[in-house]
Amino acid sequence: MQYLLMIYRSEAELSKMDAAARKQMTAEYGAFTQSIIQSGHFKAGDGLQPSTTATTVRVRDGKTLTTDGPFAETREQLGGYYLVEARDLDAALGIAARIPGAKTGSIEVRPIMIYD
C-alpha cells in the first residue's frame, strides 16, 4: 500500500538556521532518502518552496477564486513529502519516524486511495 508522508515544520524556525545547520539537515535528509530508496520503500518525494509562494484555488458558483498563500494559517507549514510503499500503517509510521523533520516538526501519514 502507498502512503503519503507529509513533513510539517515551522518556516520561521527554518529561516533562523545558519548555513552549517542547513547543511547538516540536508545531509540527514539525503541519508534518509538513500536508505528508503535502497529498501524499496521510496516512490517519490520533494521539498516544497515556502508557503509564501503558495496560491490557494477555490471554485465557487462556477468562478475560480485565488488567494495568495496557504489554505490556512498555522504554526507549522507543509515543507515536503515522501510517497512510500509500505506493507501496512505500522510500517509507514516506522518510516515516518525516521524522517529528520520528525525531530523538530511533525509528519502526517495518510494512505493513498485505491480506485477500482
Side-chain angles (χ1 to χ4, degrees):
M1 178 158 214
Q2 291 187 353
Y3 294 86
L4 187 62
L5 313 180
M6 293 169 278
I7 305 162
Y8 290 90
R9 71 172 298 145
S10 166
E11 289 178 352
E13 292 299 316
L14 184 63
S15 70
K16 294 177 186 176
M17 292 175 72
D18 62 23
R22 282 183 182 270
K23 186 174 181 176
Q24 180 178 341
M25 181 183 71
T26 300
E28 289 175 4
Y29 270 98
F32 170 75
T33 302
Q34 285 305 308
S35 77
I36 64 172
I37 289 170
Q38 291 173 353
S39 68
H41 291 102
F42 181 85
K43 293 293 182 188
D46 263 309
L48 299 174
Q49 294 289 332
S51 61
T52 56
T53 66
T55 303
T56 298
V57 176
R58 293 177 181 85
V59 177
R60 302 292 185 268
D61 298 321
K63 294 181 182 174
T64 301
L65 309 170
T66 60
T67 306
D68 289 342
F71 177 72
E73 290 189 30
T74 61
R75 290 183 307 181
E76 294 181 333
Q77 293 75 35
L78 179 62
Y81 70 93
Y82 286 97
L83 178 62
V84 300
E85 183 76 34
R87 70 180 179 281
D88 56 26
L89 178 59
D90 287 337
L93 295 175
I95 295 167
R98 294 179 19 228
I99 296 174
K103 297 176 202 168
T104 56
S106 60
I107 312 300
E108 180 181 345
V109 177
R110 199 179 299 186
I112 299 297
M113 291 183 85
I114 300 171
Y115 298 96
D116 295 330

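The analysis underlying the following values was restricted to heavy atoms, covering all of them including side chains, and did not include hydrogens, waters or symmetry mates.
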Mind listing the side-chain donor-acceptor pairs of residues 41-51 below 3.5 Å, one per line with the distance, residues two or more places apart or on another chain?
residue, atom, partner, partner atom, Å
His41, ND1, Ser39, OG, 2.6
Ser51, OG, Glu11, OE1, 2.9
Ser51, OG, Glu11, OE2, 3.3

OG (Ser10) and CD (Gln77) are apart, to the nearest 0.5 Å, by 6.0 Å
Hits for salt bridge (Lys or Arg N to Asp or Glu O under 4.0 Å) against Lys63, two or more places apart or cross-chain, chain-then-number order -> none
Residue pairs passing the salt bridge (Lys or Arg N to Asp or Glu O under 4.0 Å) test with at least one member in residues 78-94, sequence neighbours excluded, are none
ask   = Do Ile112 and Met1 have side chains that get closer than 4.5 Å, going by heavy atoms?
value = no
In terms of heavy-atom contacts, Ala102 and Ala97 come closest through CB-O, 4.1 Å
Transitive ILVMFWY side-chain link Leu93 to Ile36, under 4.5 Å = yes
- Message: With clusters defined by side-chain heavy atoms of hydrophobic residues (ILVMFWY) lying less than 4.5 Å apart, directly or transitively, does Leu4 cluster with Tyr8?
- Response: yes
Under 3.5 Å donor-acceptor pairs involving side-chain atoms of residues 23-35, not counting sequence neighbours:
residue, atom, partner, partner atom, Å
Gln24, NE2, Glu28, OE2, 3.1
Thr26, OG1, Arg22, O, 2.9
Tyr29, OH, Gly101, N, 3.0
Thr33, OG1, Tyr29, O, 2.8
Thr33, OG1, Tyr82, OH, 2.6
Ser35, OG, Phe32, O, 2.7
Ser35, OG, Arg98, NH2, 2.8

task = Test Val84 against Gln2 for side-chain contact (heavy atoms from CB on, under 4.5 Å), laying out the working first.
result = CA-CA 6 Å; Val84 300; Gln2 291 187 353; over 6 Å; no
Hits for side-chain contact (heavy atoms from CB on, under 4.5 Å) against Val59, two or more places apart or cross-chain, chain-then-number order -> Thr64
If you define the side chain from C-beta out and look only at heavy atoms, does anything of Leu78 sit under 4.5 Å from Ile7?
no
Side-chain donor-acceptor contact under 3.5 Å, Glu13 with Thr104: no
In this structure, CG of Leu65 is separated from CZ of Arg60 (nearest 0.5 Å) by 7.0 Å
side-chain contact (heavy atoms from CB on, under 4.5 Å) filter on Ala96, not counting sequence neighbours, yields Leu5, Ile107, Val109
Tyr3 (side chain) donor-acceptor with Leu89 (main chain) under 3.5 angstrom
yes
Nearest heavy-atom approach of Glu76 to Ser106 is OE1-OG, 3.0 Å
Output for pair (Asp68 CG, Thr55 OG1), nearest 0.5 Å, gives 5.5 Å
